[in-house]
Asks: 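What follows is a structure written as structure tokens; I'll ask about it next.
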Amino acid sequence: MIEVNEDWCKGCRICIERCPVNALEESDKMNKRGVRPPRLKKVNECNYCRLCELLCPDLAITVFTDDKKKESRKTLLRPVGGRK
Amino acid sequence: MVEVKTADQLNKKFLRDGMWPTIFCNGCGHGVVLEYTLWALEELGWDMDKTVFASGIGCSSRMPGYINADGLHTTHGRAIAFATGIKAANPDLNLIIFTGDGDCAGIGGNHFIHAARRNMDMTVIMINNFIYGMTGGQLAPTAPLGSIATTAPYGNIEPPFDICNLAKALGANYVARWTVTHPYQPIKSVKDALSKKGFSLVEFLAPCPTAFGRRNKLGDIKKHWEWYDNNTILIEDYERIMNYGTEKEKEEVKDMFPIGVFQDLNNPGFFERYEKLVDRVMGGSPKTPVKAKAVVQK
Ligand SMILES: Cc1ncc(C[n+]2csc(CCOP(=O)(O)OP(=O)(O)O)c2C)c(N)n1
Ligand code: SF4
Ligand code: SF4
Ligand code: SF4
Ligand SMILES: [Mg+2]
């Protein structure tokens with residue numbers, strides 16, 4: 001889940017443009033500044049990577065890990081090689 | 001231990017009530033640098049009562065005002081001099097300086113040079129937006145060749161200042177440059193810089209859509225941010241290509257900004273040397289060292 005402090009959002013769209021799985025969109029509501037803060041799309045692949053939270057220049061986004069979604073199974077594959 | 005896990009908790013812990021949202025323009029990189037610094041501080045678990053922020057003048061220099069800690073908003077270019085004074089009066093304090101490229105490399109250049117040369121115990125976070133943002137876009141000493149400013153309407157003909165190279169040559173303990181467009185490396189780097197004794201510098205290449213991007217036709221905020229990704233290269237890759245690459249590869253990267261950690265030393269900082277000097281002069285034995293602080297306070 002993402003939570004947006006709507007009045008802090010300046011509408012730069014960095015979160016929307018840089019989300020690796022394209023999970024965000026502009027909401028249909030305008031804030032005090034007349035910009036549309038982001039929201040999660042109805043259907044989305046958000047994996048809580050927190051990139052949007054870390055990149056937002058106005059510290060307006062908080063990402064909460066959604067416990068309801070199952071964690072994807074860990075791979076058993078182990079790379080062999082490398083220097084270490 | 002990291003107790004803060006979300007931006008919301010981070011905000012509640014570190015931000016000064018009533019100051020937010022910031023005055024920074026839409027898409028400005030300054031807020032991002034502030035956030036990376038706060039995450040680094042959170043990971044270090046520093047006591048904010050022992051941390052002092054100092055800044056000069058400029059958009060970047062507004063940053064201490066947003067943090068709930070002691071801060072000094074000083075005169076243009078002089079933050080490092082004020083910070084040196086604070087550190088001399090109370091060496092137990094941690095000093096963080098937020099400064100712009102104009103503030104640090106322009107008017108404050110000499111303070112910067114001598115603090116780096118002395119390996120003065122402080123961390124300088126210089127936000128380089130290639131321009132004097134606050135005053136409307138005059139040419140900064142860091143401006144890339146050919147860039148447009150109000151005072152360079154036909155394009156900059158002066159070679160830009162590489163502040164990291166300068167700090168490195170002066171023997172600063174820690175020197176790094178990053179862009180604001182990727183979070184993890186810079187957060188770790190700021191953490192490393194803060195933990196260092198002696199002088200540390202982290203330079204951030206940060207978008208200024210209003211005074212720099214617009215004038216230099218870098219496009220909308222999305223494109224302007226991408227410009228930083230497309231025109232920077234990790235120092236390790238840069239050196240590999242410059243040493244072993246084909247002529248074509250060299251041509252492609254030669255004008256890019258190298259980013260990464262340029263210097264990481266553990267030489268004694270100024271105050272370590274000073275304490276030793278006081279010890280020697282005052283005849284303190286190793287068991288009962290005379291605190292430099294006590295002498296200063298007299
Ligand atoms: C002694 C003095 N000279 C000039 C100014 C005007 N002035 C204010 S901010 C600034 C430039 C700041 O540039 P920079 O440090 O790059 O900050 P930015 O706004 O780009 O973050 C100047 C020249 C001043 N305030 N004081
Ligand atoms: S947490 Fe990651 S995946 Fe989810 S919306 Fe933010 S950037 Fe996209
Ligand atoms: S990055 Fe922050 S300020 Fe920009 S649109 Fe997203 S929430 Fe708003
Ligand atoms: S003028 Fe430039 S540096 Fe200053 S707040 Fe606006 S975008 Fe940021
Ligand atoms: Mg500047």
Side-chain angles (χ1 to χ4, degrees), chain A residues 1-27 29-41 44 46-69 71 81-84, chain B residues 4-16 18-40 42 59 63 66-67 127 129 179-188 204 206-210 213 219-226 228-229:
Chain A
M1 191 185 71
I2 75 159
E3 208 173 84
V4 181
N5 188 341
E6 294 188 354
D7 285 336
W8 285 15
C9 172
K10 292 178 184 155
C12 67
R13 291 178 56 95
I14 298 287
C15 53
I16 297 173
E17 305 290 357
R18 293 209 164 223
C19 168
V21 294
N22 202 9
L24 297 170
E25 64 182 5
E26 281 183 0
S27 60
K29 228 176 41 202
M30 274 193 189
N31 71 4
K32 282 201 284 206
R33 292 171 184 272
V35 302
R36 299 178 195 280
R39 67 173 178 204
L40 276 173
K41 290 180 181 166
N44 66 74
C46 173
N47 53 21
Y48 320 114
C49 73
R50 298 184 54 219
L51 194 63
C52 54
E53 182 181 35
L54 290 166
L55 287 177
C56 171
D58 288 281
L59 281 71
I61 302 185
T62 295
V63 177
F64 295 101
T65 316
D66 196 344
D67 295 331
K68 270 177 249 154
K69 270 199 189 172
E71 243 185 70
R83 277 182 298 177
K84 278 182 189 167
Chain B
V4 166
K5 291 220 167 70
T6 63
D8 190 47
Q9 291 170 313
L10 188 82
N11 295 356
K12 289 196 175 103
K13 178 162 172 188
F14 287 100
L15 301 188
R16 198 185 286 267
M19 289 295 286
W20 286 72
T22 63
I23 56 149
F24 303 139
C25 310
N26 192 15
C28 175
H30 286 150
V32 188
V33 176
L34 187 63
E35 184 177 3
Y36 292 172
T37 309
L38 298 182
W39 279 118
E42 172 56 27
C59 299
M63 285 173 39
Y66 298 113
I67 306 172
I127 300 119
N129 50 15
T179 74
V180 300
T181 53
H182 298 278
Y184 298 106
Q185 299 90 335
I187 292 175
K188 172 168 188 305
F204 276 98
C208 165
T210 306
D220 59 10
I221 293 170
K222 176 183 181 222
K223 290 216 187 80
H224 189 178
W225 276 54
E226 279 166 3
Y228 288 85
D229 293 338

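Below, chain A is the first sequence line, B the second, and so on; all start at residue 1.
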Asks: Using heavy atoms and a sub-4.5 Å threshold, report which of residues 7-14 of chain A line up against chain B, by residue number.
Replies: D7(A), W8(A), K10(A), G11(A), C12(A), I14(A)

Asks: Surrounding NZ of K223(B) (heavy atoms of other residues, nucleotides or ligands, distance under 6.0 Å), is the total greater than 12?
Replies: no

Asks: Sort N11(B) into side chain, backbone, both or neither according to what part of it lies under 4.5 angstrom from a heavy atom of chain A.
Replies: side chain

Asks: Could you tell me the separation between the CG atom of D58(A) and the CG atom of N26(B), rounded to the nearest 0.5 Å?
Replies: 7.5 Å

Asks: Tell me, side chain or backbone of V33(B) under 4.5 Å from chain A's heavy atoms, or both, or neither?
Replies: neither

Asks: Looking at residues at least two apart in the chain, or sitting in another chain, which of them share a side chain to side chain contact (heavy atoms under 4.5 Å, CB included) with L40(A)?
Replies: I2(A), A23(A), L24(A), N44(A), C46(A)

Asks: Does any heavy atom of chain A fall under 4.5 Å from the side chain of Y36(B), the backbone, both, or neither of them?
Replies: side chain

Asks: What closest approach, in Å, do V32(B) and P57(A) show between heavy atoms, and which atom pair accounts for it?
Replies: CG2-CA, 3.7 Å

Asks: Would you please name every residue forming a salt bridge (Lys or Arg N to Asp or Glu O under 4.0 Å) with R39(A), sequence neighbours left out?
Replies: E25(A), D28(A)

Asks: Walk me through whether I187(B) and L54(A) qualify under side chain to side chain contact (heavy atoms under 4.5 Å, CB included).
Replies: CA-CA 10 Å; I187(B) 292 175; L54(A) 290 166; 4.1 Å; yes

Asks: Quick check on I16(A) against chain B: is it the side chain, the backbone, both or neither that has a heavy atom closer than 4.5 Å?
Replies: neither

Asks: If you count heavy-atom pairs under 4.5 Å between each of E53(A), R50(A), R18(A) and chain B, which one has the most?
Replies: R18(A)

Asks: What residues, two or more places apart in sequence or in another chain, satisfy side chain to side chain contact (heavy atoms under 4.5 Å, CB included) together with K222(B)?
Replies: E17(A), D220(B), E226(B)

Asks: If you measure from CG on L59(A) to CG on L34(B), what distance do you get to the nearest 0.5 Å?
Replies: 6.5 Å

